[in-house]
2 protein chains.
Amino acid sequence: MQDAGYTIQDMAERCGMTAHTLRYYERVGLIQPVGRARNGHRRYSEADEAWLHFLHCMRATNMPIREMQRYAELRELGDATSLERRKILEDHRTAIATQIVELQQAHALLTHKIANYKKIEQRIRIGGPMIAEPEPDCSLAPAS
Amino acid sequence: MQDAGYTIQDMAERCGMTAHTLRYYERVGLIQPVGRARNGHRRYSEADEAWLHFLHCMRATNMPIREMQRYAELRELGDATSLERRKILEDHRTAIATQIVELQQAHALLTHKIANYKKIEQRIRIGGPMIAEPEPDCSLAPAS
DNA sequence: CCTTGACTTTGAGTGCGCTCAAAGATGTAC
DNA sequence: GTACATCTTTGAGCGCACTCAAAGTCAAGG
C-alpha cells in the first residue's frame, strides 16, 4: 500500500524532526489534519512539506510554539489576515536580528578568550613566568 | 550598613538577570559562595560581576547550564585545566557560528515572505486580481 | 499461521532553567 | 516603636517543547 505522499518517517527525515514531533505539531494545530492512506497512516503532501520546513525554520530560530500557532491560525483564514501575519514575521525578523548581534558579540568574546588560553598554555609549555595577565580567565568585563 | 560590594539587586540589574537567578547560579555551583555583609546579605565584587557577565553571555547564546558548570569547575582548578576549558569555548564558538548561519538564513527567508505579503496587501487595496502567486504563504520550500 | 515492523491513539513523563512561596531576620524612616 | 523594604533559606512549582509508554491495527514475508 502506498496511496501517494510521504510517510511520517520520510517526512520526519526530510524536515529534520522526529515522527513524534510531527504528530505533536498536528495535535496542537500547527498543521492541519494530514491526509491518510487507506490503512489510516498519515501521508504528507509536498505542500505539507513546504509548510513543515517553514515551521522548522521558525522553531530553529526560537519562535515560540504559541506564536507559530497564532500564525497558522491566521493562515487558515486567508489573505484577509495578511497584515497581521506580516507583523508576526516582521517582529520575528527583528528578534532574529537581535539574536544575531548577541551571537556575534559572544563569538568575538570567545575568540579573545581562546587566544588568551593559548597564551597561558604557551607559558606552561615553556615553563615561563606563571604571572598571568589580569584575570586570565573570566575577564572582559561589562563593556567588552 | 554596606560592607563594600554590590547588593544582589544591583548585581541583577547590572548583569541582566534576576536576583532569583543569581541565587540559583550560586546554588548550582556556577559561582563560588559570594561574600556577605555583616547582616548576612550577599555582596558581589567586581570580579563576581565580570564572571557573571561571562556566564550571562554564554547562557544568552544557549550554552547549557551543564556545560557552564563543567567550565566553572575547571576554572576552580586553575591553569592546568586551560586546554580543556579552551576546548569547551572552541566548541561553543562553533555552535554559535552554526546558530548565526541558521538565523541569517531565516532572516533572508522572512524578508522574502514579508515582501510577498506586501504584494498581497497591494492586490487587496487596489482590488486587483486575487490570483495569488504559487503558494502565497508558506512557499520557499526545502532548498530556499 | 505467525512474526516483524511501521504505523495508530491517548495520556503521562521528562529535562531544562528558572521562578516563586513561605517564613524569618535585619536595617532605615517616620 | 512600628511599619516597610530588602534581604535570607529551603523546597516546591511551573512553562515549554517535546518524548515516550502502552496497547492496538494492519500488511507483507517466510
Compute whether any side-chain donor of one residue and acceptor of the other, for [X] and [Y], lie under 3.5 angstrom apart.
X: B:R42; Y: B:T7; value: no
X: B:Y71; Y: B:R85; value: no
X: B:H92; Y: B:T61; value: yes

Which one, [options], comes nearest to the side chain of [X]?
X: A:Y24; options: D:dG11, D:dC7, D:dT19; answer: D:dT19
X: A:T21; options: D:dT19, D:dT8, C:dC7; answer: D:dT19
X: B:R23; options: D:dT9, D:dT6, C:dT26; answer: D:dT9
X: B:H20; options: D:dC18, D:dC20, C:dC20; answer: C:dC20
X: B:P64; options: C:dA6, D:dT6, C:dG17; answer: C:dG17

Rounded interatomic separation in angstrom, taking [atom1] from [X] and [atom2] from [N]:
X: B:R38; N: D:dC7; atom1: CZ; atom2: C1'; answer: 16 Å
X: B:M11; N: D:dT6; atom1: CE; atom2: P; answer: 18 Å
X: A:L22; N: D:dT19; atom1: CG; atom2: C1'; answer: 13 Å
X: A:R42; N: C:dC7; atom1: CZ; atom2: P; answer: 11 Å
X: A:Q69; N: D:dC18; atom1: CD; atom2: C1'; answer: 13 Å
X: A:M58; N: D:dA17; atom1: CE; atom2: C1'; answer: 17 Å
X: A:N39; N: C:dT8; atom1: CG; atom2: P; answer: 8 Å
X: A:Y44; N: C:dT8; atom1: OH; atom2: P; answer: 7 Å

Legend entry - Phosphate-side-chain proximity, B:Q9 and D:dC7, N/O vs OP1/OP2 below 4.0 Å: yes
Inset, instruction - Under 4.0 Å between any heavy atoms, over every strand shown, what does B:R36 touch: base, sugar-phosphate, or nothing? Just pick one. - result: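 Result for B:R36 = sugar-phosphate.
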Legend entry - Point-to-point distance, once rounded to the nearest 0.5 Å, from CG of A:L89 to OG of A:S82: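 It is 9.5 Å, given to the nearest 0.5 Å.
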Legend entry - Presence of donor-acceptor pair under 3.5 Å, side chain of A:R27 and base of D:dT19: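 Such a pair is found, so the answer is yes.
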Inset, instruction - Examine the base of C:dG17 for any acceptor or donor lying under 3.5 Å from a partner atom in the side chain of B:R66, and report the outcome as yes or no. - result: no
Legend entry - Check ion pair B:D91-B:K87 (N to O, under 4.0 angstrom): yes
Legend entry - Which residue lies more 5' along DNA chain C, comparing A:D10 with B:I65 via nearest heavy atoms: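 Counting from the 5' end, the first nearest nucleotide belongs to A:D10.
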Inset, instruction - Return the 5'-most residue of the pair A:I8, B:T18 with respect to DNA chain C, ranking by each residue's nearest nucleotide. - result: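 The 5'-side residue here is A:I8.
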